[in-house]
Amino acid sequence: MSMGIIKASKLIFDYIRRDEEDRIEEVNRAIDGLDLDIREGDFVAVLGHNGSGKSTFAKQINGILLPTEGTVWISGMKTTDDSHIWDIRKTAGMVFQNPDNQIIGNVVEEDVGFGPENLGVPTDEIWRRVEESLQAVGMTAFRMKSPNKLSGGQKQRVAIAGVMAMKPRCIVLDEPTAMLDPNGRKDVIRTIHELNKKEGITVLLITHYMEEVIEADRVIVMDDGHLVMDGTPREIFSRVKELKEYRLDVPQVTELAYELKKEGVDLPDGILTIEELTEALVPLFREQQADRENGIPTGGQREHVNQG
Amino acid sequence: MIRDITLGQYYPVDSVLHRMDPRTKLFGTMVFIISLFFAGSLAAYGVATVFLIFVIRLSRVPFGFMVRGLKAILFLLLISVSFNLFLTPGTEVFRLGFLKITWEGLRLAGFMALRLIYLVIGSTVMTLTTTPNQLTDGMERSLGFLKRVRVPVHEISMMMSIALRFIPILVEETDKIMKAQMARGADFESGNLIQKAKNMVPLLVPLFISAFRRATDLAMAMEARCYHGGDGRTKMKPLQYERRDYVGYLVCAGYLAAVVLLG
């Protein structure tokens with residue numbers, strides 16, 4: 001079967017609020033007909049404004065929430081199939097937003113061992129996995145520490161190690177950096193990228209920080225429960241106007257390039273890094289300087305830019 | 001104030017006491033608590049003091065950490081000491097109006113104070129040297145026989161372990177909410193007891209809401225990590241008695257015998 005590690009077909013999910021007599025009071029459609037296929041080994045970023053359904057989708061992946069209609073398969077297993085639920089949760093590990101509310105152990109290494117313990121892994125093997133996982137996220141030096149003594153970024157890396165110890169093939173991270181400072185955010189994102197490259201783990205990163213998306217293999221944009229954009233970061237970020245309609249910001253550099261281009265500067269679409277922008281701007285600047293030295297008057301549009 | 005509760009705060013150093021099996025330590029703590037209720041003479045309290053100092057030295061945890069927990073029971077301590085002091089009949093030593101202090105009262109109050117202080121320090125030693133997970137593991141194993149009468153031993157121990165983990169987090173949160181409410185003009189200090197209790201409402205409501213939210217999150221995180229109760233679960237750190245544990249049991253038994261004999 002040519003099916004990716006995560007596949008959703010015609011997925012619909014309703015949050016249903018009931019009153020005391022169990023009558024339906026309010027139905028809130030969080031996901032509305034989502035079709036998606038994610039290839040094993042990819043680093044996929046899911047973008048979306050608050051209430052776009054991206055977190056709800058994350059919870060569908062390991063069966064915390066089950067579809068109202070449609071189907072989700074995790075490496076071929078249906079999430080609605082009760083007999084596979086633990087296999088699914090083992091295959092697709094999950095890291096949540098709040099670092100404090102997902103650490104169970106009172107010592108770092110005990111927390112990392114929590115998952116394998118639940119899976120019934122033999123003691124020796126648990127220790128080996130804890131060792132490897134802490135190594136993989138660079139937290140070995142903190143193994144005997146209390147989680148309360150760690151910074152937010154470190155706690156989040158412990159949480160990632162806890163998932164890694166279950167030997168998942170895929171990790172879903174639901175806004176893992178939303179509560180972190182810039183340094184912690186960088187550490188966590190670097191860790192995830194390393195796991196993706198070195199261990200070949202499929203990553204599904206749900207975020208609303210555009211900077212974290214640039215190095216992804218694929219970017220998916222969700223809005224109001226629908227999948228509205230899907231492509232490489234460069235493809236997505238060259239559609240600045242569209243992104244703004246979905247109330248998403250683009251990276252600062254992309255925004256600058258977009259505004260410059262609007263003013264008539266000859267730049268390529270979808271600039272993602274400062275380096276790229278410099279590379280594109282320097283020749284233009286040289287050209288202009290040369291023109292000026294040769295006494296050729298510059299174009300009106302360019303002058304306009306110089307003033308701005 | 002509540003920041004001073006050290007219960008559930010593991011102090012990570014390497015000592016014989018830290019490496020000891022939690023079941024041994026649980027037994028030891030229980031023996032120590034029981035012994036305090038048997039002790040009724042200076043000699044017995046002397047033995048208890050020596051034993052406690054010995055254990056504290058063995059734990060290699062700074063003494064300051066042990067005493068911190070005492071602040072929390074200061075109020076209780078004051079009440080019980082003054083009741084004993086003023087209400088015990090016997091030979092009068094001192095009288096001020098209707099208040100009188102007797103020799104017997106002094107003696108009882110002194111013992112009561114020691115008993116309470118030792119009780120807190122004794123159990124603090126255990127929680128400082130045992131990670132809550134080990135502690136609950138120890139309880140789960142020691143109380144395993146209750147499973148046969150359908151007591152959910154594993155679930156209870158898991159709940160306790162989680163409660164212990166969240167104490168420092170919730171304490172910190174209380175502090176934060178308190179400061180936030182104080183910045184908006186809330187007053188937690190003045191007024192009488194009833195007034196003070198009433199003033200706690202704007203502190204407790206947000207705290208409870210946040211605690212429930214955390215509980216939901218944690219339950220989800222645990223399920224995501226395949227937690228499904230105690231069945232089929234293996235242990236990263238299975239409990240195993242070593243030589244030091246047998247020695248520990250012997251020392252505890254010897255200590256209890258000494259206290260009981262001395263009365």
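For the atom pair A/D100 CG and B/E172 CD, the distance stands at 7.5 Å (nearest 0.5 Å). Within the model, atoms CZ of B/R165 and CD of A/E110 stand 12.0 Å from one another, a figure rounded to the nearest 0.5 Å. Separating the CG atom in B/L135 from the CG atom in A/N106 is a distance of 10.0 Å, to the nearest 0.5 Å.
Heavy-atom proximity under 4.5 angstrom to chain B picks out A/W86, A/R89, A/K90, A/M94 from residues 82-94 of chain A. Inspection of non-hydrogen atoms places B/M158, B/S161 of residues 139-161 of chain B under 4.5 Å from chain A.
Residues B/M236 and A/V130 form a side-chain contact, since some pair of their non-hydrogen atoms from C-beta on lies under 4.5 Å apart.
No more than 12 heavy atoms of other residues, nucleotides or ligands sit less than 6.0 Å from atom CZ of B/R57. The local environment of OH in B/Y241 is crowded, with over 12 non-hydrogen atoms from other residues, nucleotides or ligands closer than 6.0 Å. Within 6.0 Å of atom CD in B/Q240, 12 or fewer heavy atoms from other residues, nucleotides or ligands are found, so the atom counts as exposed in its surroundings. Residue-environment remark: CG (A/D19) exceeds the threshold of 12 foreign heavy atoms within 6.0 Å. Enclosure of atom CZ in B/R19 by more than 12 non-hydrogen atoms of other residues, nucleotides or ligands within 6.0 angstrom is indicated.
For the pair B/K237 and A/E109, the salt-bridge criterion is met [side-chain N within less than 4.0 Å of a carboxylate O].
When each of A/V163, A/N101, A/N98, A/I64 is checked for heavy-atom pairs under 4.5 Å with chain B, A/N101 comes out on top. Ranking A/D111, A/V107, A/N62, A/L119 against chain B, the residue ahead of the rest is A/D111, based on heavy-atom pairs under 4.5 Å. Contact count versus chain B (heavy atoms, under 4.5 Å) is highest, among A/V95, A/D124, A/V172, A/I103, for A/I103. The choice from B/P12, B/A221, B/G229, B/A219 that makes the most heavy-atom pairs within less than 4.5 Å of chain A is B/A221.
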Inset, instruction - Test side-chain contact (heavy atoms from CB on, under 4.5 Å) on A/I104 and B/M222 and set out the steps. - result: CA-CA 8 Å; A/I104 293 108; B/M222 286 171 76; 3.6 Å; yes
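No donor-acceptor pair under 3.5 Å is formed between the side chain of B/R225 and the backbone N or O of A/N118. The backbone N or O of B/K235 sits less than 3.5 Å from a side-chain atom of A/T123, completing a donor-acceptor pair.
For residues 120-176 of chain A, the set of pairs meeting the ring pair (Phe, Tyr, Trp, His ring centres under 6.0 Å) definition, not counting sequence neighbours, is empty. Counting only residues at least two apart or on different chains, the salt bridge (charged side-chain N to carboxylate O under 4.0 Å, His left out) pairs with a member in residues 41-53 of chain A are A/R39-A/D42.
Both the backbone and the side chain of A/F114 come within contact range of chain B, each with at least one heavy atom under 4.5 Å from a heavy atom of that chain. Heavy atoms of A/M166 lying under 4.5 Å from chain B belong exclusively to its side chain. Heavy atoms of A/P168 lying under 4.5 Å from chain B are absent altogether. Heavy atoms closer than 4.5 Å to chain B are found nowhere in A/K145, neither backbone nor side chain.
Across all non-hydrogen atoms, the minimal contact from B/P168 to A/N148 is CG-ND2, 3.2 Å.
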